[in-house]
Enquirer: 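The structure's right below; bear with me while I get my questions together.
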2 protein chains.
Amino acid sequence: MLRQNDPREISPHGEGLVKGVAVDPVIFGFHEGRLKVLIIEHTNTGLYALPGGYIQEKEDLDEAAKRILTMRTGLSAVYLEQFHVFGKYDRNDAGVVRQILIGQGFSPAEEHWSLQRFISVGYYALVDYTRIELTPDPTTGRCEWFEFDQIPPLILDHRLIIDKALATLRINLDQLLIGFNLLPELFTMGDLHTLYETILDKKLLSTNFQRKMLSLGILERIEKKKTGKAHKAPYLYRFKSTT
Amino acid sequence: MLRQNDPREISPHGEGLVKGVAVDPVIFGFHEGRLKVLIIEHTNTGLYALPGGYIQEKEDLDEAAKRILTMRTGLSAVYLEQFHVFGKYDRNDAGVVRQILIGQGFSPAEEHWSLQRFISVGYYALVDYTRIELTPDPTTGRCEWFEFDQIPPLILDHRLIIDKALATLRINLDQLLIGFNLLPELFTMGDLHTLYETILDKKLLSTNFQRKMLSLGILERIEKKKTGKAHKAPYLYRFKSTT
DNA sequence: AGAATAGTGTCTCTAAGACATTATCGC
DNA sequence: GCGATAATGTCTTAGAGACACTATTCT
């Protein structure tokens with residue numbers, strides 16, 4: 001099986017790949033009170049993009065997204081959900097894609113399929129920042145975390161994809177209770193509080209926030225954590241898995 | 001410009017069309033307290049399906065969905081929203097598609113692109129049943145309203161697409177206040193009440209429902225409607241357009 | 001003791017649920 | 001008046017917001 005970031009995948013003929021459709025995952029992380037997004041810098045180009053990939057002929061769309069994500073992050077069990085398809089007919093930019101291919105050592109023909117029209121399926125993923133090992137890939141480019149408000153200009157409509165991903169995350173955060181996927185297994189109420197405030201970009205009174213979270217009955221209180229700091233030690237919580 | 005349901009569109013070469021991607025709109029209507037869906041019967045096959053179509057090379061995905069919808073319903077301004085992409089690699093069934101093409105008088109080659117893998121973008125539309133003129137199309141097949149709980153078995157994964165569409169509609173009904181798109185311009189509180197009960201499939205106390213709707217400030221009360229029935233005449237309401 | 005953060009208790013206000021009451025129409 | 005449905009009023013309850021108060025840890 002070819003790896004997604006194997007240069008042969010994007011070779012002149014693109015055997016074994018579905019043409020005209022790409023998968024672009026927006027991978028969210030959370031660390032020290034900051035929302036992060038995983039961005040790739042394409043080798044020798046200075047061009048930043050989402051760590052996207054293509055679909056293999058005998059692979060479900062969801063599996064393709066999962067494979068690409070695992071390759072980038074090294075994690076297999078993460079929260080991953082499709083949220084939107086981007087299908088403007090002129091959203092691809094042959095000049096930019098050509099630049100990327102050249103940066104990888106290819107000289108794509110005029111008619112190369114990756115220069116043609118593309119539809120992109122957007123996924124968003126929530127990962128535990130502390131368990132991530134970024135997989136370096138000298139051919140495609142380095143993957144790096146960026147703080148959400150420090151993301152550099154991106155190619156094509158990738159910025160639009162990220163914004164739509166965050167909008168979807170905001171809507172689903174309360175409904176689907178998916179925020180826990182951004183935290184380590186054990187976390188404090190303060191961690192969770194900061195996470196919610198960061199994603200929703202608004203203040204939440206900690207007292208009411210705690211009451212609401214506890215009333216959901218999905219948190220398991222562990223023991224006090226000795227932080228070594230000069231204040232009361234917080235409890236640790238674990239997210240109760242599906243009962 | 002070729003019409004979507006022009007047989008040439010699905011001709012051996014499919015010039016001018018994006019290959020490997022289809023658009024399948026789930027068109028909802030509401031009449032006499034029943035939720036309806038528009039289903040096509042492919043000519044000479046007895047096969048039922050969503051009234052889907054293909055995307056033209058120079059056409060945005062959203063425009064393609066709009067074009068297909070307008071073609072089927074005769075309406076141009078309707079609520080239309082993308083909700084999910086269906087991308088299982090084996091979701092297409094060459095045997096079924098071949099049957100459909102044969103029913104239209106074609107003998108597709110083994111390698112015909114429409115027999116290959118397909119990704120389908122699901123849209124759902126809310127239309128005013130009273131303003132619909134179904135566009136008959138002898139080549140593709142007749143389009144007809146079915147009550148939601150009387151939909152016949154459909155080809156491929158179209159039943160799954162419909163179920164996901166309804167699930168999305170249920171979630172968005174309260175949030176996005178889109179139910180009005182299923183009603184005529186003027187309607188009674190009872191109409192709206194029945195609509196909500198039907199879509200959400202649960203009883204709502206009419207008194208509380210009315211209070212909630214009125215408190216939203218999006219309804220304009222017109223005058224009493226004389227129904228000729230032996231009871232108090234209800235008010236008519238109009239949905240306040242964006243102020 | 002005092003600073004700093006964690007966690008609890010409680011008052012208020014709003015919105016939802018349940019149900020009683022009044023209004024209007026045609027017979 | 002009577003049956004039927006529309007519309008309003010109001011009591012109760014659940015949850016959100018605001019804020020005062022207590023608890024724990026280290027210096």
Side-chain angles (χ1 to χ4, degrees), chain A residues 32-34 170-177 179-180 183-184 186-240, chain B residues 32-34 170-177 179-180 183-184 186-240:
Chain A
E32 290 174 350
R34 300 286 188 159
R170 278 183 180 155
I171 291 170
N172 290 346
L173 190 60
D174 269 321
Q175 307 260 338
L176 305 180
L177 301 173
F180 308 97
L183 294 174
L186 299 180
F187 51 88
T188 68
M189 192 57 77
D191 293 337
L192 193 58
H193 184 206
T194 312
L195 173 64
Y196 267 69
E197 284 193 338
T198 305
I199 291 178
L200 300 177
D201 194 27
K202 65 173 177 186
K203 287 283 169 205
L204 301 168
L205 282 181
S206 58
T207 164
N208 298 332
F209 178 80
Q210 166 141 327
R211 178 176 43 174
K212 182 174 173 178
M213 283 298 146
L214 292 180
S215 75
L216 293 172
I218 53 171
L219 294 183
E220 190 182 350
R221 182 177 281 187
I222 315 289
E223 79 282 11
K224 295 253 180 184
K225 173 180 164 190
K226 309 286 180 184
T227 57
K229 299 242 177 88
H231 53 73
K232 179 172 178 178
Y235 288 104
L236 284 178
Y237 292 90
R238 188 205 312 273
F239 178 66
K240 273 191 206 165
Chain B
E32 289 174 351
R34 301 285 187 158
R170 278 184 181 153
I171 291 169
N172 290 347
L173 189 61
D174 269 321
Q175 307 258 338
L176 305 180
L177 301 174
F180 308 98
L183 294 174
L186 299 180
F187 51 88
T188 67
M189 192 56 78
D191 294 336
L192 193 58
H193 185 208
T194 311
L195 173 64
Y196 268 67
E197 284 193 338
T198 305
I199 291 178
L200 300 176
D201 194 24
K202 67 174 176 184
K203 287 283 165 202
L204 302 168
L205 281 182
S206 57
T207 163
N208 299 332
F209 178 80
Q210 164 140 331
R211 178 177 41 177
K212 183 174 173 180
M213 283 299 147
L214 291 180
S215 77
L216 293 171
I218 54 171
L219 293 183
E220 190 182 348
R221 182 178 281 188
I222 315 291
E223 79 283 10
K224 296 253 180 182
K225 173 181 162 190
K226 309 288 178 181
T227 58
K229 298 240 177 92
H231 54 75
K232 180 171 175 177
Y235 287 104
L236 283 177
Y237 291 91
R238 187 203 316 270
F239 178 66
K240 272 191 206 167

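By convention in this document, chain letters (A, B, ...) are assigned in the order of the sequence lines, proteins followed by strands, and residues within each chain are numbered from 1.
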Enquirer: Quick one: the side chain of A/Thr207 and the base of C/dG9, do they pair up donor-acceptor inside 3.5 Å?
Expert: yes
Enquirer: Would you mind checking if A/Glu220 and A/Lys240 are paired as a salt bridge, meaning a charged N to carboxylate O distance below 4.0 Å?
Expert: no
Enquirer: Any non-hydrogen side-chain atom of B/Leu195 less than 4.5 Å from a side-chain atom of B/Phe180?
Expert: no
Enquirer: Do A/Ser206 and C/dG7 share a donor-acceptor pair, side chain to base, under 3.5 Å?
Expert: no
Enquirer: How close do B/Leu204 and B/Glu197 get, heavy atom to heavy atom, and via which atoms?
Expert: N-OE2, 2.9 Å
Enquirer: In whole angstrom, give the distance that lies between atom CZ of B/Arg221 and atom P of D/dA7.
Expert: 6 Å
Enquirer: D/dT24 P sits how many Å from A/Leu236 CG, rounded?
Expert: 17 Å
Enquirer: Rounding to a whole Å, what distance do you find between B/His193:NE2 and D/dT5:C1'?
Expert: 13 Å
Enquirer: Find the distance A/Lys232:NZ to D/dT25:P and express it as a whole number of Å.
Expert: 8 Å
Enquirer: Within the 4.5 Å heavy-atom criterion, are B/Leu219 and B/Met189 side-chain neighbours or not?
Expert: yes
Enquirer: Distance check needed: C/dA18 P versus B/Lys202 NZ, whole Å only.
Expert: 11 Å
Enquirer: Does a side-chain heavy-atom distance below 4.5 Å link B/Leu192 with B/Phe209?
Expert: yes
Enquirer: Specify the separation, in whole Å, of atom CG of B/Leu204 and atom P of C/dC19.
Expert: 15 Å
Enquirer: For B/Tyr235 and D/dT8, what is the distance between atoms OH and C1' respectively, to the nearest whole Å?
Expert: 10 Å
Enquirer: How about A/Met213 and A/Tyr237: do any of their side-chain heavy atoms sit closer than 4.5 Å?
Expert: no
Enquirer: Does a side-chain N or O from A/Gln210 land closer than 4.0 Å to OP1 or OP2 of C/dT8, or not?
Expert: yes
Enquirer: If I take atom CZ in residue B/Phe209 and atom P in nucleotide D/dA6, what distance separates them, rounded to the nearest angstrom?
Expert: 13 Å
Enquirer: For B/Gln210, is there any backbone N or O sitting under 3.5 Å from a side-chain donor or acceptor partner on B/His193?
Expert: no
Enquirer: Could you list, one pair per line, each protein nitrogen or oxygen that sits under 3.5 Å from a nitrogen or oxygen of nucleotides 13-17 of chain C, together with the distance?
Expert:
{"residue": "C/dG17", "atom": "N7", "partner": "B/Arg211", "partner atom": "NH2", "Å": "3.0"}

